[in-house]
Amino acid sequence: MARERSTSQSDIQKEPHQLNLKVVRLSRPSLNQHYPLPHPSICSSQNPGYDVLYQQSLAYPSHPDTQFILSPVLTLPPAFVNAYIGETFSCLLSTNNDSDATVTDVCIAAEMQTPSLIQTLELVIPEDRKDVVDLPPGQSIQRIAKFDLKEEGKHTLGVTVTYSAPPKKQRDLIAESKEDSERVDIGPRRVRTFKKLYVFPAQQCLTVKTKAVELPGGHAILEAQLENNGDGPVSLEEVVLAPRKGWKSTSLNWDTDMEGAKSTPLLKPRDVMQVAFLLKPDPNVKKEDDPASERVVLGQLSLEWRSSCGDKGYLSTGSLTAKRLRT
């Protein structure tokens, strides 16, 4: 997970919490790569131990022999992978009761701080569970938090856990009597709270550079350069231009050559791709542009992509303009 920073609390008497908190990012697995040695049947080596070496070079030795670089084994990221704008950041929040007494009124809350705002996250809770629960010793609860990344820069996930528990002296009585605190009236409980912060950066996966020119006859053409700045390949699901009122857009890209079949170009890291759109005036709709303005608004460009393991990303530009052609 990302770098963790615990917030300090000015308690008069510092006392360990009965609950602990773990935050794990949820991500799709990937196919494990392996580099097997040549098969013993085609290898001229006379080494009697070569069969053992060949089996050790396979990621999944019990699977039928294959020389393909991708093995049938799925692996999870060994560490916190990069978070990209346009994707949905998902994580699992888990809190466990490490004490000997039942903890009541356990509640988990989360918020995300971006460079421009602080947003409270709506946690995903199983249908058969409640927002506030009681936790017997050794039990845990889980919640899922999701957030659409839209800004570049530092993001801070803040997770707050609130619960009610008896003071330490009363917990010692529970441990000595080995009785459940919910069934024994040992006095009032106190409300305790702790918060942890997790910091991670969000960066661009696809960068877009556009150029628009108005053509004679009232037409216009929009060109866009797409570059994959991520660590892995992405598949372009859709590149669409939503024209401004008064314009009609025609794609000049790969989707114009397909007859019912869908083509999805693949961009490897640092690959660059050009897309273009031809815009014509819509005779049935009046334009909303200001004739006195030096720029004419054409529309907005929207992109959808998927990573190598199926994670979906979405990006939309602002209003794209072209320099007005003066006659």
Side-chain angles (χ1 to χ4, degrees), residues 1-29 76-77 79-80 83 88-114 117-149 155-200:
M1 187 57 193
R3 179 169 55 88
E4 177 181 332
R5 185 176 80 247
S6 299
T7 58
S8 61
Q9 293 186 355
S10 57
D11 293 337
I12 298 178
Q13 183 178 0
K14 192 71 175 180
E15 183 179 318
H17 285 279
Q18 289 92 299
L19 303 180
N20 65 42
L21 173 67
K22 293 186 180 298
V23 178
V24 181
R25 184 179 179 185
L26 300 178
S27 58
R28 295 176 184 265
L76 293 174
F80 184 88
T88 300
F89 177 86
S90 302
C91 59
L92 176 69
L93 316 177
S94 177
T95 182
N96 183 74
N97 184 4
D98 293 334
S99 68
D100 297 328
T102 296
V103 177
T104 62
D105 302 329
V106 180
C107 180
I108 302 178
E111 64 180 17
M112 183 71 74
Q113 180 178 353
T114 70
L117 57 86
I118 299 178
Q119 179 177 333
T120 301
L121 303 183
E122 184 176 351
L123 303 183
V124 179
I125 303 175
E127 296 181 357
D128 57 341
R129 302 297 176 86
K130 299 179 180 180
D131 294 345
V132 181
V133 298
D134 298 342
L135 276 185
Q139 298 297 314
S140 63
I141 59 172
Q142 291 80 34
R143 302 288 186 263
I144 296 178
K146 296 183 178 182
F147 181 77
D148 294 332
L149 300 174
H155 287 58
T156 303
L157 172 65
V159 184
T160 303
V161 178
T162 304
Y163 62 96
S164 298
K168 187 176 185 305
K169 292 183 179 180
Q170 297 179 355
R171 296 201 309 272
D172 293 341
L173 293 176
I174 296 173
E176 292 176 0
S177 61
K178 297 181 180 181
E179 294 180 354
D180 195 323
S181 62
E182 290 184 334
R183 301 179 182 179
V184 179
D185 187 10
I186 55 177
R189 294 171 175 265
R190 60 175 178 174
V191 178
R192 303 197 66 191
T193 300
F194 67 92
K195 183 177 183 179
K196 290 188 176 181
L197 304 178
Y198 301 85
V199 181
F200 64 93

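Only this structure's heavy atoms are used, side chains among them; waters, hydrogens and symmetry mates stay out.
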So how far is it from Ser164 OG to Gln18 CD, rounded to the nearest 0.5 Å?
10.5 Å

Could you give me the CA-CA distance, side-chain angles and deciding distance for Asp105 and Asp134, then say whether side chain to side chain contact (heavy atoms under 4.5 Å, CB included) is met?
CA-CA 6 Å; Asp105 302 329; Asp134 298 342; 4.2 Å; yes

Nearest 0.5 angstrom please: Tyr163 OH to Ser99 OG, how far?
8.0 Å

In terms of heavy-atom contacts, Ser90 and Lys146 come closest through OG-CG, 3.5 Å

Partners meeting side chain to side chain contact (heavy atoms under 4.5 Å, CB included) with Thr114 (sequence neighbours left out)
Met112, Ser116, Leu117, Phe147, Glu151, His155

Measure from the side-chain N and O atoms of Asn96 to the backbone N and O of Asn20, and report whether any donor-acceptor pair falls under 3.5 Å.
no

Closest heavy-atom pair and its distance - Leu135, Asn97
O-ND2, 2.9 Å

Would you compute the distance between atom CG of Asp98 and atom CG of Leu19 and round it to the nearest 0.5 angstrom?
7.5 Å

If you compare all heavy atoms of Pro16 against all heavy atoms of Arg192, which two are closest, and at what distance to 0.1 Å?
O-NH1, 3.1 Å

So OG1 of Thr193 and NE2 of His17: to nearest 0.5 Å the spacing works out to 8.0 Å

Can you name the residues that form a side chain to side chain donor-acceptor pair (under 3.5 Å) with Thr88, not counting sequence neighbours?
Asp148

Interatomic distance, CG@Leu93 vs NZ@Lys196, rounded to 0.5 Å, equals 12.0 Å

For the residue pair Ala110 and Leu123, what are the closest heavy atoms and their distance?
CB-CD2, 4.0 Å

Take Phe200 and Leu149, measure what side chain to side chain contact (heavy atoms under 4.5 Å, CB included) needs, and give me the verdict at the end.
CA-CA 12 Å; Phe200 64 93; Leu149 300 174; 4.3 Å; yes

Value rounded to 0.5 Å, distance of CD in Glu111 from OG1 in Thr120
6.0 Å

Asp131: which residues meet the side chain to side chain contact (heavy atoms under 4.5 Å, CB included) condition with it, sequence neighbours left out?
Ile125

Enumerate, atom names and distances included, each donor-acceptor pair closer than 3.5 Å involving a side-chain atom of residues 137-145, sequence neighbours excluded.
| residue | atom | partner | partner atom | Å |
| --- | --- | --- | --- | --- |
| Ser140 | OG | Gln142 | NE2 | 3.0 |
| Gln142 | NE2 | Ser94 | OG | 3.3 |
| Arg143 | NH2 | Lys130 | O | 2.8 |

